[in-house]
Amino acid sequence: MRMKRILLFCLLATVACSLLFFLTRGIADERMSLPVQAPSGGHLASGSSEIMQMRPGSVPQGGAITETSDPGGLGAPEQIVDVKESFSMTSLKGKVIISEEDKSFPVAGADIQLWPGTQQLEGAPDFEFRTRSGFDGSFQFTDVPMRALMTLRAEATGLARWSSGIIVYPEGNWVSWRGRHVLYAKPSESAEIRISMEREGTAQGVVYNPFGNRIPLAEVFAVEDAANECCWFPSPYIPSLIDEIRKEGERAEAFRAVADANGVFIIRGMPTAFASYLFCAFDSQGHYATVESVQFTKGQKTLIQDLRIPSISSLRIRVLSPEGKPLHGVNVQADCRHKNALENDSDRFELSLSDCPNRETDASGIADFRSLDAGKYLVKFWPDKFCPESRQVEIRENEPTELAITARQGGTIAGFVSGPDGSPANFASIHIRTGELTFIDGSFATFESEITIRDDGTFRKDGIPDKRICVTARALNLCEESIYVSGEARNLAFDLKPYPEFQGTLDLPPKHRNISRIVCSFDSCWRQGWEVPVDESGNFRVNWGGWREDAEVFLTLAFTGWPPVILGPFKPRPGDAIDLGRIRKPGERIVKGLISDPSGNPVEGSAVSFMTDAVRAFEIETRTAKDGSFALTGVPLLRGGLLVQSEGFPPLEYRLNKDETGPVAIAFKRAAFIKGRVIDANGETAPCIELSVLQFIGNGWDELAQFRSMQTDANGNFTSYPLNPGRYLVRLRYNTPGQGPGSERELDLDEGDSAQVELVAPFLEKK
């Protein structure tokens, strides 16, 4: 009996040892299966079961690794290369946990990565660390550069990806950085961070084509909008955005999946709190669908989101040289903003694109545009050393379109720029602007470009069209010069001269002896003003940076306590020194008046201000008393106007003659309002859309400054500020004529009116 017990015990011990051996073998195999990277010129020692960490200087000549360690417990090799001595090193350690129901548990085997951030500091070392958290959730990196911007990411099966910006600073130093984590460490200690992960969210859905059929093997992306702001991504930018994500590869802050044969996709590891997402799906031809600002609701872990590609219309543009060879790297723009108003196009060459797609031609000279709306487009480009080109093309619904354009050779502009001393002005810039270029299809456009000046002061630009062109040379503190040429001009010469200079002395009264700066502007009506220093004796000196040949200019001076002074006219030449002599204080007056509401009752606390036509930097303000009266002192003997403002009333303006003192009687009018909502092309409300309100004044529309930031609320509704009677135009802020029906409304308002309007935002169309 005793012998049976001993045999049974030995059998159980053997089984236990076998299990322990296979468990240990499995852990070791998991360690050895992790990716390992060697620095340039080095190699990894074979046959080792150690977890290796590569440090600066640890790879001797010949490439053998001499140091190995496993600081993270269970992990992959860590690597750092090209460390600069100017960046001190520290170690970064932390713990990965998951919190549920007020309890926290360590996360073992989490994949932890650390690499340079997107906004890197100058001279920061290149590095890349990777490890796994131990059984207690701990991890550690050594040789971490301090003061370098880094990205830290943690991933684990069944948990949402955790990612954040990291910067480590010596204790006691202060830093302002917009990232989520700023860590501090003493030179002899480690920086510590706690990574708190959550259960993963999952997004799933089906990708459809425009005809409702499922798309197999579609590529799906979910890009997190961490700011969680009300915004939308212009769809023409999506291919460029995804191209950048593909280039970033594993480091990209995006989630990816490939749909199965039935078009069904599943994306795992998504955070569900405080984030909204842009979903994007691509078919095998590059046509795409997008859905913006998608969020998990509170407590939701599975998000159902189908995607439907709205159009498979495409445009393939082939750009060829005059000899028929493909032109590589040409930036081509398909201008959808003016597809219904092409005759008004006047865009610059250096395009600041908003919602217009642009692509670069590949080695075959081809640029492909996908998922375009049907309609007319203006295709524009300016290949290097060739003429600018433009073509009108019509895209038909769900059909491919091809366009081949052969570039034209054009002429050459070249010349030399010298400074005041005759030496090469390589610090200057050359700006060229063409007139209206008419193309074979009847469309036209205006192009601009900058030419780089070489060290010897020369410049050259090929591919200039045979049209009248303005060539302008510009440099800081020197007068710009312009020359008009037609197509071919190889010997242009610019001799830049200093600005004309004005000097004078303010005859300051005793109470203004401490004046240190004045506001100066040129022209009889204010255009642009800047501050000019004044010494203790009242002397000042100022350049006129906007000099133009044979221009007649006025000089306006203003500062607190003095009415503005207007001097001139002058006709200065470059380099002229004009002495203004001693300048005395001009005359001033007191303007009195009474402010009342539409019923004739006095309005207390109304703001009454005077602004001159000469300089907007000069402004005097007061407020009305209980009886609605006001007295505005220090008003200059110049033409100007009173601006009267009070809450609940539309603002009023009253023009004053140069010697008028009042009393003036000003009555507010009953306020009119414009109310309404903005919808997209499918009739759904459009939140956070900016609108403008313009008033018809004289012979044109003038945008009201107080409406420049007006937006629709979360339900797509808006209400204007109080308005005076008049003719108004309310439109989408970034609307251009012909953008689409219903994008603006014109209306006449009588006193006390409340108009209701509905606007359609065609650029928000989703199918």
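Computed from a prediction, not measured in an experiment: that's the story for all the values here.
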Contact summary for [X] and [Y], nearest pair of heavy atoms:
| X | Y | result |
| --- | --- | --- |
| V107 | A156 | CG1-CB, 4.0 Å |
| L691 | I689 | CD1-O, 3.3 Å |
| R396 | S313 | O-OG, 2.8 Å |
| F296 | K301 | CE2-O, 3.8 Å |
| S321 | F386 | CB-CZ, 4.3 Å |
| P687 | A714 | CB-O, 3.6 Å |

Exercise. Which residue, I674, L759, L729, forms the side-chain contact (heavy atoms from CB on, under 4.5 Å) with R745?
Worked result: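 Checked I674, L759, L729 against R745; only one passes side-chain contact (heavy atoms from CB on, under 4.5 Å): L759.
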For this session: Answer yes or no on whether R132 is positioned over the face of F139, meaning its NZ or CZ is under 6.0 Å from the six-membered ring centre and within 45° of the axis.
Result: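 No, R132 and F139 do not form such a contact.
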For this session: Mark yes or no: R318 above the aromatic ring of F381, with NZ or CZ under 6.0 Å from the six-membered ring centre and no more than 45 degrees from the axis.
Result: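 Here R318 fails the 6.0 Å and 45° test against F381.
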For a 4.5 angstrom cut-off between non-hydrogen side-chain atoms, does [X] reach [Y]?
| X | Y | answer |
| --- | --- | --- |
| T302 | Q204 | yes |
| R359 | V332 | no |
| S163 | L152 | no |
| I242 | C280 | yes |
| I405 | L403 | yes |
| V693 | F718 | no |
| Y377 | F369 | no |

Check whether any side-chain N or O of [X] sits under 3.5 Å from a backbone N or O of [Y] as a donor-acceptor pair, and report yes or no.
| X | Y | value |
| --- | --- | --- |
| N398 | S311 | no |
| N209 | F211 | yes |
| D283 | Q285 | yes |
| S371 | Y288 | yes |
| H287 | R370 | no |

Tell me whether [X] is salt-bridged to [Y], with the criterion being a basic N under 4.0 Å from an acidic carboxylate O.
| X | Y | result |
| --- | --- | --- |
| D111 | R130 | yes |
| R408 | E389 | yes |
| E253 | R153 | yes |
| E155 | R161 | yes |

Problem set entry | Whether over 12 other heavy atoms sit under 6.0 Å from R268 CZ |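 Counting neighbours around CZ of R268, 12 or fewer heavy atoms of other residues, nucleotides or ligands fall under 6.0 Å, so no.
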Problem set entry | R194, CZ atom: more than 12 neighbouring heavy atoms under 6.0 Å |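 Result for CZ/R194: open.
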Exercise. After noting the C-alpha distance and the side-chain angles of R251 and E128, does the key distance pass the salt bridge (Lys or Arg N to Asp or Glu O under 4.0 Å) rule?
Worked result: CA-CA 11 Å; R251 294 184 177 183; E128 182 173 353; 3.3 Å; yes
For this session: I would like to know whether T151 and L114 meet side chain to side chain contact (heavy atoms under 4.5 Å, CB included); could you show each step before the answer?
Result: CA-CA 6 Å; T151 298; L114 185 70; over 6 Å; no
Exercise. Given I366 and I317, is the side chain to side chain contact (heavy atoms under 4.5 Å, CB included) satisfied, shown in steps?
Worked result: CA-CA 6 Å; I366 293 175; I317 299 171; over 6 Å; no
Exercise. Can you name the residues that form a side chain to side chain contact (heavy atoms under 4.5 Å, CB included) with E100, not counting sequence neighbours?
Worked result: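 Partners of E100 by the side chain to side chain contact (heavy atoms under 4.5 Å, CB included) criterion, ordered by chain and then number, come out as I98, R199.
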Problem set entry | R677 and E758: CA distance, side-chain angles, deciding distance, salt bridge (Lys or Arg N to Asp or Glu O under 4.0 Å) verdict | CA-CA 5 Å; R677 67 170 184 161; E758 182 175 85; 2.6 Å; yes
